[in-house]
Amino acid sequence: MSRGARIVPAFAWVLLLAAVCLQPACDSTSRPGACDTGLTACDGACVDLQADEQNCGACGDACEDGELCHLGGCLAGCPAGLLECDTECVDLSADEANCGACGRDCPTGGECVSGACQCPEGTERCRDACADLLTDMDHCGACNRPCGEGGTCADGVCTCPAGEVNCGEACADLSSDPGYCGTCDVACIPGEECISGGCVCPAGWSDCGSVCADLQTDMANCGACGAACGEGGTCAAGVCTCPAGEVNCGDVCAELATDPANCGICGEECLVGAECVAGVCQPCPGELVDCGGVCTDLSSDLQHCGSCPEACPAGATCTSGVCVCPSGQVDCGAVCAELSSDPEHCGDCQTDCGDAAVCVSGACQCPVGLSLCGEGCVSLDLDPDHCGTCDTRCDTGAVCQDGACSCPAGTQDCGGACADLDTDEDHCGACGTSCDPLFGLCTAGVCGCAAGLSLCEVGGVDQCLDLQDDPTACGGCGTVCEDAQYCLDGQCACRPGLTLCAGACVDTRSDDTNCGQCGRTCTGQQDFCMNSNCVNNCMGPTTSCDPNAQSCVTDAAFNVHPLNCGECNLTCAVDELCARGDCRAFTLARGCDACPCEECQGQTRCCPYPGDPGVIVCVQADQCPMAW
């Protein structure tokens, strides 16, 4: 045993270990096996030794500045065939989180093949997921067509239990569901029940517009809808009752004999400071005077000095009804001022010396080296707004040196503004050459775009466009989708709610040649298609559409249907959406993933694309188009 060592009893070791593990270091990540597979605990945190620049290959082994950690080793750059994405070396041809470009995620269930995201056979990409349109509850028959809660999706058709219908968010029994009573669009008010498809209040209760109320006990509807009992009262048998000696004044029970807010009758207010005696408002007490409903002492009140409209200036006192400024100061209306030294009232009440100047013996003076221009002291040698003389203003971006204007080195005078032609977005490469005003960038004299946007020439003008979502430039400049399509992640796809059948986007709910699914043709006696089923004739509130008039389109759909907008077979253009039965023009809201969006200005409204909330557009409409 070494000198100074000692034997510690067993129980003492237990206490010592317990005390140590009370420290923050003894958290879950410091214990072996606490980190997820592939991660290692380093100084209380779980890290990936294969990619962590501070712990590359081993805890504490940090890479030098500018180096990357790849496969547990520090490298000056990524190996051939790999690209740096957020400090990691990745293979853009196969990485599902960086497929074809850094940060481009493949949809859930998809894979990255040769730099392009692909969904497994039998599924279709629906923005963030690969979906089997035959069975997917969120994408049944078409992307973004959800089946209601409680329903099922079979062969691309939503089905609810017997006696229920699909109301989008849920399957509902329209005869008894208060949230969907009679139709999917009708919700009963609080307290109402849905009976035989109609909203009714419980027996003994009354419909008071926004609520069912028991008129016998409801304080807000006592005896009749809207008849409120006052605070402090009760509602019993439909009658408001106040405590003895008080009456109901609507919002309060009041004692009319003494209440200055309800004196003699409800709503009769006495002057502030006056009393209510035996139901009669008394005059202001003593020498006080009524000034706008308040009993006021005109002899000392700063806001009402001598008379009600007379207010004293700041710094004054009200003495015997007269405003008095301190000795040596004069009344300048809003304030008492010493004219010999006050820079805001120098020499007289109207003269303001402005910034930097001081008031000396009633005259404004500037410090040595500065000149008085208007209301401020400036340097005529250096001030670009007053260069050489008070009235000489330099061009935007120019500097003032020794009283003369000049553009800084590396910039050029572009007709009233000094511009760096390498970086100025209004004068990029040459004076007057402007980049996209919202998302353009000027680099080395060449216009470019912010991340995620691409430069395209539109009508002879450079614009930054989102090639992932813009149907007029889908996947490439000048690539315009067909009218029945929109742009989904850089590829033209059927608009939400439509299905691609034999190269055409159709509505399988009403198309008699693709009824319920692609290729299913309604023939024989049942040659009409309605609600994805072949029927003998269009029934109910529907209209026969398509070239052979055998597609049964619900009348309500004409308000939102992209193929039948307002009338049969009227297809909205690729840059239009159907809103209230009219095709309304829209543009992509670049740079926005939610509303409101700064780009939607003037007569346009910021809206999610109908059926695909991941796309934000600016629509020329007074309300957003609805999904169908």
Side-chain angles (χ1 to χ4, degrees), residues 313-315 325-326 328-450 453 455 460-464 591 598-599 601-602:
C325 284
Q329 298 184 14
V330 298
D331 183 350
C332 283
V335 65
C336 292
E338 188 171 345
L339 302 183
S340 64
S341 60
D342 192 325
E344 295 181 357
H345 307 87
C346 189
D348 57 51
C349 289
Q350 289 74 40
T351 301
D352 186 345
C353 294
D355 297 337
V358 295
C359 183
V360 179
S361 300
C364 293
Q365 296 183 6
C366 288
V368 176
L370 301 182
S371 301
L372 183 63
C373 288
E375 297 181 352
C377 293
V378 300
S379 170
L380 298 181
D381 288 337
L382 300 173
D383 194 319
D385 292 326
H386 310 279
C387 189
T389 70
C390 286
D391 299 328
T392 301
R393 180 186 295 271
C394 297
D395 290 342
T396 303
V399 296
C400 181
Q401 298 250 350
D402 298 326
C405 296
S406 62
C407 285
T411 66
Q412 182 174 326
D413 185 353
C414 285
C418 294
D420 182 346
L421 302 185
D422 285 339
T423 60
D424 194 304
E425 293 162 8
D426 294 322
H427 307 281
C428 188
C431 289
T433 300
S434 59
C435 304
D436 186 296
L438 288 181
F439 298 97
L441 301 175
C442 182
T443 306
V446 178
C447 285
C449 293
L453 300 179
L455 190 66
V461 178
D462 286 341
Q463 290 188 13
C464 293
E598 182 180 358
E599 190 170 359
Q601 301 285 344

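Keep in mind that the numbers below use all heavy atoms, side chains included, and drop hydrogens, waters and symmetry copies.
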Do the side chain of H427 and the main chain of G432 share a donor and acceptor less than 3.5 angstrom apart?
yes

Does any non-hydrogen side-chain atom of C353 lie less than 4.5 Å from one of V358?
no

Go through it in stages, so that I can follow the logic: the residues are L339 and C332, the test is side chain to side chain contact (heavy atoms under 4.5 Å, CB included), and I'd like the CA-CA distance, side-chain angles, deciding distance and then a yes or no.
CA-CA 10 Å; L339 302 183; C332 283; 4.1 Å; yes

Give the intermediate values and the outcome of disulfide (SG to SG under 2.5 Å) for residues C400 and C405.
CA-CA 5 Å; C400 181; C405 296; 5.5 Å; no

dist H345:NE2 -> Q350:CD (nearest 0.5 Å) comes out at 8.5 Å

Do F439 and E425 have side-chain heavy atoms sitting under 4.5 Å apart?
no

Tightest non-hydrogen contact, residues D352 and C364, listed as C-SG, 4.5 Å

To the nearest 0.5 Å, what is the distance between CD (E344) and OG1 (T351)?
12.0 Å

Determine whether S361 and S340 make a side-chain contact, defined as any pair of heavy atoms from C-beta on separated by less than 4.5 Å.
no

Tell me which pairs pass side-chain hydrogen bond (donor to acceptor under 3.5 Å, both in side chains) where either residue lies in residues 431-443, with sequence neighbours left out.
D436-R590

Give the minimum heavy-atom separation between C394 and A398, together with the two atoms involved.
CB-CB, 3.9 Å

Please round to the nearest 0.5 Å and tell me the distance separating atom SG of C435 and atom CD of Q463.
12.5 Å

Can you sort out the partners of T392 under side-chain hydrogen bond (donor to acceptor under 3.5 Å, both in side chains), two or more places apart, ordered by chain and number?
T389

Salt bridge (charged side-chain N to carboxylate O under 4.0 Å, His left out): pairs with one or both residues in residues 357-373, sequence neighbours excluded:
none

Which pairs would a plain distance check flag for residues 409-423, meaning a side-chain donor or acceptor within less than 3.5 Å of a matching protein atom at least two apart in sequence or in another chain?
unit_1: T411; atom_1: OG1; unit_2: P408; atom_2: O; d: 2.6
unit_1: D413; atom_1: OD1; unit_2: G415; atom_2: N; d: 3.3
unit_1: D413; atom_1: OD1; unit_2: G416; atom_2: N; d: 3.4
unit_1: D420; atom_1: OD1; unit_2: D422; atom_2: N; d: 3.0
unit_1: D420; atom_1: OD2; unit_2: T423; atom_2: OG1; d: 3.4

Distance from C428 atom SG to L441 atom CG, nearest 0.5 Å?
9.5 Å

What's the spacing between Q365 CD and C346 SG if we round to 0.5 Å?
8.5 Å

Which residues pass the side-chain hydrogen bond (donor to acceptor under 3.5 Å, both in side chains) test with D426, not counting sequence neighbours?
none

Which atom pairs, one a donor and one an acceptor, fall under 3.5 Å between side chains of residues 378-385 and the rest of the protein, sequence neighbours left out?
unit_1: S379; atom_1: OG; unit_2: D381; atom_2: N; d: 3.4
unit_1: S379; atom_1: OG; unit_2: L382; atom_2: N; d: 3.4
unit_1: D383; atom_1: OD1; unit_2: D385; atom_2: N; d: 2.8
unit_1: D385; atom_1: OD1; unit_2: R393; atom_2: NH1; d: 2.8

Within-4.5 Å side-chain heavy-atom neighbours: C336 and P326
yes

Kindly indicate, with the supporting measurements, whether the criterion side chain to side chain contact (heavy atoms under 4.5 Å, CB included) is fulfilled by C442 and D424.
CA-CA 6 Å; C442 182; D424 194 304; 5.7 Å; no

Ignoring hydrogens, what is the shortest heavy-atom contact between Q329 and E338? Give both atom names and the distance.
CG-N, 4.0 Å

Working to the nearest 0.5 angstrom, can you tell me the gap between L453 CG and L438 CG?
10.0 Å

